Amino acid sequence: MEAMAKARFVRVTPMKARRVVDLVRGKNTEEAVAVLKFAPQAASEPVLKVVQSAVANAREGARRDSQRFDESALYISEIYVDEGPTLKRFRPRAQGRAGRVFKRTSHITVVVAERETAASKGRAR
């Protein structure tokens with residue numbers, strides 16, 4: 001089972017968000033949530049929300065399909081940050097000039113999946 005969640009137009013620069021995303025890539029979702037809750041970076045909050053949303057989407061999908069759901073078996077199979085549109089602003093500088101300020105945005109995507117265990121592999125055959 002796979003579930004996905006996206007957060008678009010998040011006001012965090014993609015470079016800073018990628019630093020946080022790299023901390024949790026491939027980890028168990030419970031471990032990833034714990035890491036993100038205590039990460040000092042500001043970008044960890046929106047990433048945490050997207051991970052929790054992906055877990056909730058997996059739970060809801062399992063409920064909808066009447067399948068069993070084990071949250072401890074979920075892991076982050078894909079997580080990446082794409083660049084969103086950049087807001088361009090101006091800041092006053094010396095001698096009547098204007099300096100450009102780029103306010104960057106991010107699109108954060110998380111895909112969670114169930115780990116394949118030896119027991120479930122045997123049942124599939």
Side-chain angles (χ1 to χ4, degrees):
M1 175 208 307
E2 266 192 2
M4 182 168 72
K6 285 184 184 180
R8 300 184 68 213
F9 309 106
V10 178
R11 271 289 292 121
V12 148
T13 66
M15 193 177 264
K16 291 177 182 176
R18 285 185 190 115
R19 281 184 56 206
V20 174
V21 160
D22 290 341
L23 292 173
V24 295
R25 185 174 285 119
K27 284 191 174 14
N28 189 329
T29 53
E30 293 170 342
E31 187 182 346
V33 167
V35 167
L36 290 170
K37 275 187 180 174
F38 297 105
Q41 293 87 356
S44 63
E45 185 184 345
V47 173
L48 171 65
K49 285 185 177 185
V50 181
V51 169
Q52 288 174 330
S53 178
V55 171
N57 290 345
R59 183 182 305 114
E60 197 57 29
R63 188 192 62 76
R64 185 185 59 234
D65 298 337
S66 300
Q67 296 176 346
R68 79 173 173 78
F69 179 73
D70 182 17
E71 192 170 323
S72 61
L74 288 179
Y75 77 105
I76 298 175
S77 62
E78 280 182 62
I79 185 168
Y80 53 91
V81 178
D82 292 325
E83 194 167 333
T86 301
L87 305 172
K88 288 143 185 119
R89 300 291 180 261
F90 291 99
R91 184 153 186 83
R93 306 309 290 171
Q95 299 181 3
R97 292 186 176 91
R100 212 145 187 212
V101 176
F102 296 111
K103 299 194 173 210
R104 300 184 187 274
T105 62
S106 303
H107 300 320
I108 303 167
T109 306
V110 177
V111 179
V112 295
E114 265 186 309
R115 283 212 193 271
E116 291 294 320
T117 60
S120 65
K121 284 182 184 173
R123 272 186 270 136
R125 290 181 186 175

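From a predicted model like this one, the values you see are computed outputs, not experimental measurements. The basis for the numbers below is simple: all heavy atoms, side chains too, and nothing from hydrogens, waters or symmetry mates.
In this structure, Phe102 places its CZ atom where more than 12 heavy-atom neighbours from other residues, nucleotides or ligands lie under 6.0 Å away.
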>> Working note: His107 + Lys6, criterion side-chain contact (heavy atoms from CB on, under 4.5 Å); need CA distance, chi angles, decisive distance, verdict.
In response: CA-CA 7 Å; His107 300 320; Lys6 285 184 184 180; over 6 Å; no
>> I'd like to know whether Glu45 forms a side-chain contact (heavy atoms from CB on, under 4.5 Å) with Lys49, so could you lay out the CA-CA distance, the side-chain angles of the two residues, the decisive distance to 0.1 Å, and finally the verdict.
In response: CA-CA 6 Å; Glu45 185 184 345; Lys49 285 185 177 185; 4.0 Å; yes
>> For Thr109 and Met4: C-alpha separation, side-chain torsions, deciding distance, then whether side-chain contact (heavy atoms from CB on, under 4.5 Å) applies.
In response: CA-CA 7 Å; Thr109 306; Met4 182 168 72; 4.0 Å; yes
> Hey, mind stepping through Gln41 and Lys16 against side-chain contact (heavy atoms from CB on, under 4.5 Å) and telling me if it holds?
Replying inline: CA-CA 8 Å; Gln41 293 87 356; Lys16 291 177 182 176; over 6 Å; no
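Annotation: the span from Leu74 atom CG to Glu114 atom CD amounts to 6.0 Å, rounded to 0.5 Å. The CZ atom of Arg93 lies 14.5 Å from the CZ atom of Arg100; values are rounded to the nearest 0.5 Å. Here the CD1-CZ distance, from Ile108 to Arg8, works out to 12.5 Å after rounding to the nearest 0.5 Å.
Here the closest heavy-atom approach between residue Met1 and residue Arg68 is recorded as CE-O, 4.5 Å. Contact record, Arg115 with Tyr75: CG-CD2, 3.4 Å, taken as the closest heavy-atom pair. Of all non-hydrogen atoms in Val55 and Phe69, the two that sit nearest each other are O-CZ, 4.1 Å. Of all heavy-atom pairs spanning Ala32 and Ile76, the tightest one is CB-CD1, 3.6 Å. Between Ser77 and Glu2, the shortest heavy-atom distance links the atoms OG-OE2, 4.3 Å. Of all the heavy atoms in Ala39 and Ser44, the pair that sits closest is O-OG, 3.4 Å.
Cluster annotation: Val33 and Val20 are assigned to the same hydrophobic cluster (Ile/Leu/Val/Met/Phe/Trp/Tyr, side-chain heavy-atom contacts under 4.5 Å, transitive). Taking hydrophobic clusters as Ile, Leu, Val, Met, Phe, Trp and Tyr residues chained together by side-chain heavy-atom distances below 4.5 Å, Val10 shares a cluster with Leu23.
A donor-acceptor pair under 3.5 Å links the side-chain atoms of Arg25 to the main chain of Ile79, judged by distance alone. Without hydrogens or angle criteria, Arg104 side chain to Arg11 main chain gives no donor-acceptor distance under 3.5 Å. With hydrogens and angles ignored, the 3.5 Å screen pairs no side-chain donor or acceptor of Ser106 with any backbone N or O of Val81.
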